[in-house]
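Presented below is the structure to which this report refers.
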Amino acid sequence: MAASSDLETKTVPGNAEDTTLAQMGYEPELKRSFGLLGMIGFSFSIVTCWSALGGVLVTGVNAGGPPVMIWGWIGISCVSLCVAYSMAEMCSEYPVAGGQYSWVYILSPKRIRRQFSYLTGWFMIIGILAMGATNSFIGANFILGQANLVNPEYTIERWHTVLVAYAITLFAAFINLWGSRILDRISKGLLIFNICAFIATIVTILACNKNKQSASFVFQDFQNFTGFSASMAGIIGILQPAFGMCCYDAPAHMCEELKDASKQAPRAIVMSVYIGALTGFVFLVSVCFCIGDITEVAETSTLVPLIQIFFDSTQSNVGACFLATLIVIIDLGCANALLAEGARSLYAFARDRGLPFSSLISKVEKKHQTPIVAILLGTIVQMAFNSIYFGTVTGFNTVIAIATEGFYLSYAMPLLVRLISYFSGSHRQLTGPWALKPLVSVAVNGIGLTYLLFATVTFNLPSVAPVTAESMNYTSVKIPFLF
């Protein structure tokens, strides 16, 4: 790591964020153009729980049905808040773009800090870039699903999906390369659009749908199309709400471009989870009331169950496509933000010599203060992940699982070392603006860590039985090869 013992220097209060970076061993190179509202918009455009849940709805539909999705969402939102408050506390103490891996380096025992930090950095980067590829894939599905809805004779091929996913990624790269100065304004606009689109979607499907499901179907009746036992199906079904609630670490990686980062980055982390939890819950309840025949929804020719629900509710191709287009626009904003987050993470990790060709990847273009090489590298890696879909559906499903698991493991590592630092006495209490009381900090870190470890095991389970070479989940096998 570039910064060694200097990283343990306490943060400076007030607005001296660049001074804080210098004390941690880093030269401030990025322009602080983000305010709080823009950062909340940036973070929520990535979290965007309600549209993310819609993108992977089929997992929850098959494994447990509406009750698992809704009650699982409430539980996951609660434990995710524990994780968010834990990360907010560390971010306020050490507001640096490295985020999780930097906190792990600072708080770990000296004999293992380099190894733990390096491992965390790779989990973090793999998770962010794989999530970027997954987001492009979901956006491509929504675009092609509309084409199939309007023209049922059109058959969606895998290569079509990959090419559209490429286009979404390249669009995000264009914005990141030439629109970096207006990311704050774009993020504010996306926050407003996201909330308006959410309200429009919920009101439309509830008002138009004339054949709503019963309350018992939504909150009580268990559905199991996995081939596993009911308990196993319930565990698998948690993957869907877990996928919808991640990526809220984004402000930590953008804090070197945020004004008053030690206060505002933690606030953005926590606020994005609260907003996401509320919108996700309302969305899930509304969609579950409007689901028609579950088998028809799961096997829709559009390949997007949510588009089928939109059509069943509105009985209109135009209405369904309008609602789906709202999600496509949100997806484009998410693609932009995920690439920006991924590029800053690559830049920070390269700055600490954690990547091959680090001196090249960590270069910042002086005029616009933008990590150009990191943006291009992030674009290439995301497109490479999408290319897996050319050859195998199972392989790309593994990318989706890797995306969530990479995030969750990178979240688990700082929570683990925070507990170690407390019980070893090296950092019993943090002192940043968002510092928690020691016992509260231990409690939320313990709850959050327990959930994250449970989730990472769940992400390795196959989703259907009997398990074959095609249906096997290869996440646990493939992750080691990414290092």
Can you confirm whether the side chains of [X] and [Y] place a donor and an acceptor under 3.5 Å from each other?
| X | Y | value |
| --- | --- | --- |
| E29 | Y347 | yes |
| S410 | Q100 | yes |
| Y422 | R418 | no |
| S441 | Q429 | no |
| Y101 | D352 | yes |
| Y166 | N386 | no |
| T169 | S136 | yes |

Inter-residue atom distance [X].[atom1] - [Y].[atom2], 0.5 Å rounding:
| X | Y | atom1 | atom2 | result |
| --- | --- | --- | --- | --- |
| S45 | N336 | OG | CG | 7.5 Å |
| L416 | N445 | CG | CG | 9.5 Å |
| S358 | K363 | OG | NZ | 12.5 Å |
| I195 | I275 | CD1 | CD1 | 6.0 Å |
| C82 | L452 | SG | CG | 10.0 Å |
| Y411 | Y248 | OH | OH | 5.5 Å |

Does any non-hydrogen side-chain atom of [Y] lie less than 4.5 Å from one of [X]?
| X | Y | value |
| --- | --- | --- |
| E341 | D249 | yes |
| Y451 | S80 | yes |
| H253 | M124 | yes |
| L409 | E405 | yes |
| Y85 | V273 | no |
| F283 | L306 | yes |
| L190 | I330 | no |
| W122 | L355 | yes |

Quiz prompt | Geometric cation-pi criterion R114 and Y105, 6.0 Å radius, 45° cone | solution = no

Least distance between heavy atoms, [X] atom then [Y] atom:
| X | Y | value |
| --- | --- | --- |
| I372 | E365 | CG1-CB, 3.5 Å |
| A268 | P251 | CB-CG, 3.7 Å |
| C247 | I46 | CB-CG2, 3.2 Å |
| I168 | G139 | CD1-C, 3.6 Å |
| S77 | A277 | OG-CB, 3.5 Å |
| T370 | N176 | CG2-O, 4.0 Å |

Practice problem: Would you check, one step at a time, whether the test side-chain contact (heavy atoms from CB on, under 4.5 Å) holds for V104 with R113? | Solution: CA-CA 7 Å; V104 167; R113 58 170 38 167; over 6 Å; no

Quiz item: Are F193 and F198 an aromatic pair by the rule of ring centers under 6.0 Å?
Solution: no

Quiz item: Would one find more than 12 heavy atoms of other residues, nucleotides or ligands at under 6.0 Å from atom CZ of F174?
Solution: no

Self-check item: Criterion side-chain contact (heavy atoms from CB on, under 4.5 Å) on S43 and M254, from CA distance to verdict
Solution: CA-CA 10 Å; S43 182; M254 302 297 292; over 6 Å; no

Quiz prompt | R351 bridged to E256 by N-O distance under 4.0 Å | solution = yes

Quiz item: Do R32 and D260 sit within salt-bridge range, that is, some charged N less than 4.0 Å from a carboxylate O?
Solution: no

Between [X] and [Y] (side chain of the first, backbone of the second, donor and acceptor by atom type, cut-off under 3.5 Å), is there such a pair?
| X | Y | result |
| --- | --- | --- |
| N141 | T161 | no |
| S387 | M383 | yes |
| W434 | C91 | no |

Quiz item: Please walk me through it: do F123 and Y408 pass ring-ring contact (aromatic ring centres under 6.0 Å, His included)?
Solution: CA-CA 9 Å; F123 279 136; Y408 275 40; over 10 Å; no

Practice problem: Begin with the C-alpha distance, continue with both residues' side-chain angles, and end with the deciding distance and a verdict on side-chain contact (heavy atoms from CB on, under 4.5 Å) for S272 and I40. | Solution: CA-CA 6 Å; S272 63; I40 292 175; 5.6 Å; no

Quiz item: K259 and S33: side-chain contact (heavy atoms from CB on, under 4.5 Å), yes or no, with the steps?
Solution: CA-CA 7 Å; K259 301 166 187 174; S33 57; 5.8 Å; no

Quiz item: Which residue, V381, I380, T134, forms the side chain to side chain contact (heavy atoms under 4.5 Å, CB included) with L129?
Solution: V381

Self-check item: Result of checking R344, Q369, K31 against E257 for side-chain hydrogen bond (donor to acceptor under 3.5 Å, both in side chains)
Solution: R344

